[in-house]
Structures are given as C-alpha cells and as structure tokens.
Protein chains: 2
Amino acid sequence: MEIYKNEKRQLYIEKASIEQFFSLSLEEFLEIHEYARGEWIIKEGERPHYLFYVLEGKAKIYITHQNGKVSLINFINPNEFIGEMELLNDVYYTKGIQASTKTICFAIPINSFRKQLLEDNKFLRKLANFLSVKSTKMAEKYYQSLSFPLENRLADFILQTADNGMYKEKHITVCEFLGVSYRHLLHVLAQFCEKGYLTKQGRAYYIQNHDILTELAKSLRNE
Amino acid sequence: MEIYKNEKRQLYIEKASIEQFFSLSLEEFLEIHEYARGEWIIKEGERPHYLFYVLEGKAKIYITHQNGKVSLINFINPNEFIGEMELLNDVYYTKGIQASTKTICFAIPINSFRKQLLEDNKFLRKLANFLSVKSTKMAEKYYQSLSFPLENRLADFILQTADNGMYKEKHITVCEFLGVSYRHLLHVLAQFCEKGYLTKQGRAYYIQNHDILTELAKSLRNE
DNA sequence: CTCAAAATAGGAGATATCTCATATTATTTT
DNA sequence: AAAATAATATGAGATATCTCCTATTTTGAG
C-alpha cells in the first residue's frame, strides 16, 4: 500500500472534487491510498481505521463461511464507500475487501473524524443516498438469485460484462460471484454454445444471439 | 386504512417519541395511519406519497416477477422505515408492501417535507443507520441463500420463529420467504421429523433436538 | 351453516446444481 | 527453462430442488 504525498496527493484531491462530500474542510487530513492488485484493503475480521471512498480501480468483497467456503459477494467500483458501516455502527464487521485491480481511494481516519462526519449534512445526505442504492441492489440480487436458475443470471452477467460482443471473464471469479460451482458454470456455458447463443474461440466467448440473451436476462429485472 | 385523529393521534405521537427523529418540529403535520391485515400500504408500481415509520405491526415486501411469480422478499418490523428510497432518489420504485397484521405507522407527506427532511441531520443520521443495517442484513441473506441448502436456512428460520419450542408458521409464507417451492419445504420438514429433530402434531411442529438445529443454523452466521 | 377459496399433504418424475476425480493448458515464480 | 501454481475442461454419479398432479383439511365470506 502506498500513501500519496505532495503533488500526487494534491492531484487526486482536486480530481475527486471533495467539496461535494463535505461541508467541513477535511482536506488537510485526507489521505490518498493506492493498493496493488491482490492487496487487502480491509482484512476479514479486522476493524478498519479509515473510511474509504474509491476513486479508481475495482475491489471485491469476500466472506469466509464456517465451512471454509469463500464467497465473493460483490464488486466495489469507483465512487463507492468502504467502511461506512463501521463509521455508523459500533458493531464490527468481518468482511474482507481485496483490490482486484490497482485501486486508489481517499481515506479518512475514522477515530479522529467520526464525530465531525456525523454532523455534516452534506456528507450524511451523500452517504444515505449511497446506502439506499446499495441496499436496493443487494435486495435485487437476492431475489434474483432465489427465483431464477443460473441460465438467466449468467445471461445477464454476460451482457453486462461483455466487451464488443466478446465475453472473457475468469470462470473462477464468475462462479464465486454468481454463487454456483465451477462445474455447473461450465456446463451452462457449454449449453449456451450448443444452443447457438455463444461461440467459443480459445478462452473467449462471442455472442451470437444477443436477443435470446437479452430475453433471458430481462426476466430478472421486471421493468 | 384509517387516519387517527385527536387524542388517539396524540397518544401515538408521544409514544413514538418523535423528537428522536427530527430536529425540526414536524409534529403537527405528522399523520398516524392504521392499516388492516392484508391492506396494501404501498401498491406495487405506485409511487408512495408518504415516508412511513412502523410503530406496531408487521408488513411484507413483495415483488412480482415478469414470469408472474411473486416473491416475498422481506418482513418489515416495528422501528423500520418504508418509502425512504423514494425520499432519497427520484427513481421510482416497484415494490408492494402489504400489512400482514394490523399495522400502525407514522406517515410524513413526502411532497411537502422532502426538502426539510434532507436538511435535518438528526433525521439523516437515523436514516443512514437504518439503511446500513438493512443493507447488511440483505447481504447476509443473499450469501446465505447461495451457499447453503434449505436444511440450514430452515433450521435457522425455525429457531427464530419458534415460540416455546413450537414452530407453527404458514408453509406458504415460509416457502416464499426462503425462496423454495412448497413441495420442497414439506420434504425437508418431513426429513427433520424423520431424523428426530422435530415431531409433528396436527399442524404444529415441536422441536425435539434443539442442538442439532442450532448446529445447522450456526453454519449460516460465521461468528 | 354452507360453499368456495386457501392451505396442507404427498407421489412421481424432471432438472438444476453439487462433489469428486482426473487431464490439460496458462501463468507465475525461481 | 523448469517447476509450481492457477485456470480451464470434462466425465460420472449424487443430491437438492422444481413441476405437475391429485386429495384432504381448514378457513373465511356470505
């Protein structure tokens, strides 16, 4: 983990236009952290010392179950908070958060600023907004996972992550994310190929029948 | 739906000690609504006109999927908000909320007070707190549902809802809530009886082996 | 009290998904 | 370049869960 100093730090502080977050001026206490791919931003079971806000990069939230099974429960993307739960509650939290690409975030030491943050209207509104979106998304994922077989959820995931008609995610990440076994993921992918929705070339899959995938994915979101 | 007036209204306003929610004094604009069992507090697809806070009773959140299947996605209990999403976002929302017992809540007309609410720190903090808990719970449910078979989730549910060793929920509600088919729920319940965890008398089930159920449920929460 | 609707109950077969085992191929480390 | 590790692939059999069907019992409305 690297903490940016001087000009580099200044650059990011300006870029993030942190005025939008706070009425109070935290600027001089704000740290800019960079985490390398694979590094743990928060270790599971450890109480974090900072409130983070992701500026660049991508991270993953993991939970380890008692049976040893580890689930990827979500991605964290730019413009999202990390550690807001710990700011609000005293309960401590046991999720692990790992950078999955180089990740740059701003970091506010919780211990020193908790009280002030909780009195800042601008910040609170921003936070409440973020939380409401987060909780909606989670609820969506939940009932989707219950109500639909992998076929539908995978179609949706493919459409969301495909780049120019080409799908090329790591199976391991995907099956964690969708909560199915590696084996079954491959099975359904093979089915998609067999049915002509996708074709496989090497490690990549090309979308052949966009409409059918869209149709499958549409069942998830009932709009 | 009944709107309380005068003394009845006053009673609930005092009981809820609404000072804890707001710095501003909304008291005279606050309505107290009572919904009968089965009544819709918010109809699916309809934009609500109030922010609610449940004082007494229990409600259910439903979503209807495109395939016509309806999922119960959660219960709403006393001391929880309803409609906070609509307050924060302009997006409108398509969940249906139905009272499952007589439900009394306070109701703030959103149109008139939105702006003021969003400037009230006390309220925002309360709301952020609520949302963070909500989203955590949802996340928990999500990964539980993915990682564990019904056996574990049902054991947990039984322990949570059993009253004095007796479990007596409606199967229909439960299978919606746990996201499994009616048939399968019965099957696992029958298994529990066969294995001696429960015994069945009429429509009720009595817990015979509390320890095993606890053990099954414990896998869900890894503490 | 009566009838319709809702809830319970269980059989049978299909499908989705998992576990385990074993090869092969990329990628990273030394 | 060799060795170690991670990722991909696939078969086979087990289990969890679903759908459809049909019968009985309970509950609620009139």
Side-chain angles (χ1 to χ4, degrees), chain A residues 36-39 60 65 67-72 98 100-101 143-155 157 167-195 198-205 216 219-220, chain B residues 36-39 60 62 65 67-72 98 100-102 143-155 157 167-195 198-205 216 219-220:
Chain A
R37 173 166 189 272
E39 224 174 333
K60 294 175 187 166
H65 299 274
N67 57 15
K69 196 170 165 183
V70 176
S71 306
L72 170 64
Q98 184 186 39
S100 68
T101 64
Y143 64 74
Q144 284 174 10
S145 76
L146 287 179
S147 306
F148 297 93
L150 181 59
E151 197 180 33
N152 299 89
R153 292 180 287 135
L154 181 59
F157 186 82
Y167 168 80
K168 206 185 171 182
E169 296 295 316
K170 286 201 181 162
H171 297 332
I172 286 201
T173 312
V174 178
C175 64
E176 280 181 301
F177 186 61
L178 297 176
V180 294
S181 67
Y182 190 94
R183 188 63 192 84
H184 189 53
L185 173 62
L186 285 196
H187 180 235
V188 175
L189 277 171
Q191 254 179 237
F192 278 9
C193 291
E194 211 175 286
K195 290 181 184 167
L198 304 173
T199 46
K200 191 177 170 188
Q201 279 180 37
R203 307 242 137 154
Y205 294 79
L216 285 171
S219 324
L220 297 183
Chain B
R37 173 165 190 273
E39 225 174 334
K60 293 176 188 166
Y62 286 100
H65 299 273
N67 57 15
K69 196 169 166 184
V70 177
S71 306
L72 170 64
Q98 184 185 40
S100 68
T101 64
K102 186 176 88 172
Y143 63 75
Q144 283 173 11
S145 77
L146 286 179
S147 305
F148 296 94
L150 182 59
E151 197 179 35
N152 299 89
R153 291 180 288 136
L154 181 59
F157 186 81
Y167 167 81
K168 206 186 171 182
E169 296 295 315
K170 285 200 181 162
H171 298 332
I172 287 201
T173 313
V174 178
C175 65
E176 280 181 301
F177 186 61
L178 298 176
V180 294
S181 68
Y182 190 94
R183 189 64 193 82
H184 189 52
L185 174 62
L186 284 196
H187 179 237
V188 175
L189 277 172
Q191 253 179 237
F192 279 8
C193 291
E194 209 176 287
K195 290 181 184 166
L198 303 173
T199 46
K200 191 177 169 188
Q201 279 180 37
R203 307 243 138 155
Y205 294 80
L216 284 172
S219 324
L220 297 184

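Computed from heavy atoms alone, side chains included, the values below leave out hydrogens, waters and symmetry copies.
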(Q) Return the CZ to CG distance between B:R153 and B:L220, rounded to the nearest 0.5 Å. (A) 8.5 Å

Q) Hey, is the main chain of A:G38 close enough, under 3.5 Å, to the side chain of A:Q98 for a donor-acceptor pair? A) yes

Q) Sequence neighbours excluded, which residues qualify as side-chain contact (heavy atoms from CB on, under 4.5 Å) partners of A:H187? A) A:R183, A:H184, A:Q191

Q: Quick one: list whatever passes side-chain hydrogen bond (donor to acceptor under 3.5 Å, both in side chains) with B:K195, sequence neighbours left out.
A: B:E151

**Q.** Reference residue A:L189; test side chain to side chain contact (heavy atoms under 4.5 Å, CB included); the match among A:K200, A:E194, A:H171
**A.** A:H171

Q.
Between the opening five pairs and the closing five pairs of the helix from C:dC1-D:dG30 to C:dT30-D:dA1, how far apart are the helix axes, to 10°?
A. 60°

Q. In whole Å, what is the span from the CD atom of A:E194 to the P atom of D:dT10?
A. 11 Å

Q. How many angstroms lie between CD in B:Q144 and CG in B:L178, if you round to the nearest 0.5 Å?
A. 10.0 Å

Q: Quick one: list whatever passes side-chain contact (heavy atoms from CB on, under 4.5 Å) with B:A204, sequence neighbours left out.
A: B:M166, B:K168, B:Y206

Tabulate atom names and distances for all N/O pairs under 3.5 angstrom spanning the protein and nucleotides 5-9 of chain D.
unit_1: D:dT8; atom_1: OP2; unit_2: A:H171; atom_2: N; d: 3.4
unit_1: D:dA9; atom_1: OP1; unit_2: A:K200; atom_2: NZ; d: 2.6
unit_1: D:dA9; atom_1: OP2; unit_2: A:H171; atom_2: NE2; d: 3.1
unit_1: D:dA9; atom_1: O5'; unit_2: A:K200; atom_2: NZ; d: 3.1

Q) Can you name the residues that form a ring-ring contact (aromatic ring centres under 6.0 Å, His included) with A:F157, not counting sequence neighbours? A) A:F177

(Q) Taking side-chain hydrogen bond (donor to acceptor under 3.5 Å, both in side chains) as the definition, give me every residue that meets it alongside A:T173, ordered by chain and number, with sequence neighbours left out. (A) none

Are any protein N/O atoms closer than 3.5 Å to N/O atoms in nucleotides 13-17 of chain D? If there are, list each pair with its distance.
unit_1: D:dT17; atom_1: OP1; unit_2: B:L150; atom_2: N; d: 3.4
unit_1: D:dT17; atom_1: OP2; unit_2: B:L150; atom_2: N; d: 3.1
unit_1: D:dT17; atom_1: OP2; unit_2: B:H184; atom_2: NE2; d: 2.9
unit_1: D:dT17; atom_1: O5'; unit_2: B:H184; atom_2: NE2; d: 3.2

Q | For A:Y205, all residues meeting ring-ring contact (aromatic ring centres under 6.0 Å, His included), sequence neighbours excluded | A | none

